[in-house]
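Take a look at the structure below.
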Number of protein chains: 2
Amino acid sequence: MKTIVLLFLLAASIATSHGIEHGIDYNIYPLRMKSGSGGHYINGITCSSWRLGVEAHNIIEWKTIPQECEGYVGNYVLGVEYRQDSKAVNREAYFYARSLDLIKDGKNIWVFDVDETTLSNLPYYANHGFGVEPYNSTAFNEWVGLGIAPALPESQKLYHKLLSLGIKIVFLTGRLESQRDITVKNLKDAGYSTWEKLIVKDATKYKGKTAVTYKSSERKKLEEEGYRIIGNIGDQWSDILGTNTGNRTFKLPDPLYYIA
Amino acid sequence: MKTIVLLFLLAASIATSHGIEHGIDYNIYPLRMKSGSGGHYINGITCSSWRLGVEAHNIIEWKTIPQECEGYVGNYVLGVEYRQDSKAVNREAYFYARSLDLIKDGKNIWVFDVDETTLSNLPYYANHGFGVEPYNSTAFNEWVGLGIAPALPESQKLYHKLLSLGIKIVFLTGRLESQRDITVKNLKDAGYSTWEKLIVKDATKYKGKTAVTYKSSERKKLEEEGYRIIGNIGDQWSDILGTNTGNRTFKLPDPLYYIA
């Protein structure tokens with residue numbers, strides 16, 4: 001009984017603190033708290049093993065998260081673990097960046113993806129089953145159009161530290177040219193005040209192409225323009241695979257969706 | 001109080017079942033059970049976030065595990081999570097393999113690494129701080145020389161399933177030519193009865209070379225001999241990065257050590 005009360009209090013505290021932090025108007029209580037190895041079995045494996053499989057790029061090309069893992073994934077992304085896992089990656093990225101002896105010619109850049117890397121769409125996913133619902137471009141683009149996605153706090157810390165090291169920031173996103181203005185507004189409102197470039201996708205040019213192809217091609221252009229990609233960070237493996245990936249890559253956690 | 005008794009019973013049951021399974025003569029009780037997000041903070045992040053960072057190849061080139069994570073890593077590898085995480089990867093590998101429409105010419109191979117992929121050195125690491133102690137080649141090679149490393153059960157299931165699909169097995173290991181005979185004996189004793197090739201490292205040829213270079217070079221030779229590398233599985237990123245990596249790669253969990 002004591003344990004149940006404790007878990008309830010824990011859930012309440014997470015819901016409150018993170019609800020505010022991510023600007024989420026969402027009731028966490030219906031989600032069951034999972035302890036230890038992470039809950040429900042899906043066809044013989046646990047949701048936590050599924051998530052690790054996703055993060056290490058073993059489980060690929062999935063369309064939605066397993067139905068049984070909605071509660072697990074919801075608790076993960078709204079709870080302390082997601083924040084801590086993000087911190088571990090961003091912290092390592094900073095340790096790497098500060099160890100470099102950089103030529104100070106203004107040509108050193110760090111590539112950031114936008115969604116789930118720079119800005120968080122948790123308020124959207126919290127209302128759409130945390131990845132259980134198939135991707136709905138109309139609904140998602142409506143959300144993007146609001147321009148109210150909050151910053152991912154640990155990524156934002158990295159962003160500021162890189163700027164202070166004299167590294168320029170390039171945002172490279174799968175968002176479309178038509179979403180450029182609202183993305184600029186959203187980034188600025190969320191606290192990203194400056195950048196070298198914001199590269200959005202030319203829907204005609206990259207029609208039918210994968211994110212790996214699009215992003216590799218745009219990174220190649222950056223290098224042809226004389227930039228050195230010191231680092232590259234994203235929540236999808238497609239952000240950091242392919243060509244011209246940069247001197248070192250970092251994979252942020254994202255158990256919500258998969259982009260090839 | 002109830003919770004503590006429950007944790008104790010859980011620890012006891014894990015110690016018993018996994019102690020037998022991995023042939024480990026080791027008392028798990030001194031290790032504290034960690035629940036939830038995985039315990040101790042190391043310089044601002046948790047051991048579970050450190051482990052995820054390792055698995056997703058964000059935290060690289062480390063010499064030993066963080067001192068503070070000995071208990072966490074020990075519990076992880078001796079407990080159910082390591083087994084489940086391994087299962088999730090091997091299961092995905094099998095789903096992939098069975099989905100293929102293979103040419104039946106005897107040229108399809110699957111590359112397995114040996115240590116922490118095919119055979120488990122947990123009995124050794126349990127007596128050496130679970131990766132806290134710096135690598136000691138003398139002590140480790142003495143252990144290898146005993147030839148008693150148990151099979152990793154989930155990898156062994158994959159091995160048998162691949163054989164039944166008509167895929168041949170190639171073991172590609174950083175173990176040396178001088179360790180070939182004991183490795184053959186150990187593999188057979190552990191239940192790996194057949195394979196196409198067991199490639200061990202030529203210490204002279206690859207002196208001073210990384211595992212990525214050695215393994216890429218040996219995989220290239222395999223392809224030149226007409227083999228098709230259908231899949232490639234290992235516990236280190238150096239098993240699956242580089243060139244000639246195979247059609248698809250799988251990264252098994254290993255929080256104990258890092259090989260470049």
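Residue numbers begin at 1 in each chain, while the letters A, B, ... track the order of the sequences. Keep in mind that what you see is a predicted model, and the values were worked out from it rather than measured.
- Side chain of B/N58 to main chain of A/K251: a donor-acceptor pair is present (N/O by atom type, distance under 3.5 Å, no hydrogens or angles).
- In this structure, OH in A/Y82 is found 12.0 Å from CG in B/L52, a value given to the nearest 0.5 Å.
- Heavy-atom distances place the backbone of A/T249, and not its side chain, under 4.5 Å from chain B.
- Taking NE2 from B/H57 and CZ from A/R248, the interatomic distance works out to 8.0 Å, rounded to the nearest 0.5 Å.
- The side-chain heavy atoms of B/Q84 and A/I45, taken from C-beta on, include no pair separated by under 4.5 Å.
- Here the CD1 atom belonging to B/I59 is positioned 9.5 Å from the CZ atom belonging to A/F250, to the nearest 0.5 angstrom.
- Atom CZ of B/R91 sits about 9.5 Å away from atom OG of A/S49, to the nearest 0.5 Å.
- Checking side-chain atoms of B/K87 against main-chain N and O of A/G44 turns up a donor-acceptor pair under 3.5 Å.
- Interatomic distance, A/D85 CG to B/W50 CH2, rounded to the nearest 0.5 Å: 13.5 Å.
- Proximity to chain B (any heavy atom under 4.5 Å) is restricted, for A/E92, to the side chain, taken from C-beta onward.
- Under the 4.5 Å side-chain criterion, counting only non-hydrogen atoms from C-beta, B/E81 is not in contact with A/T46.
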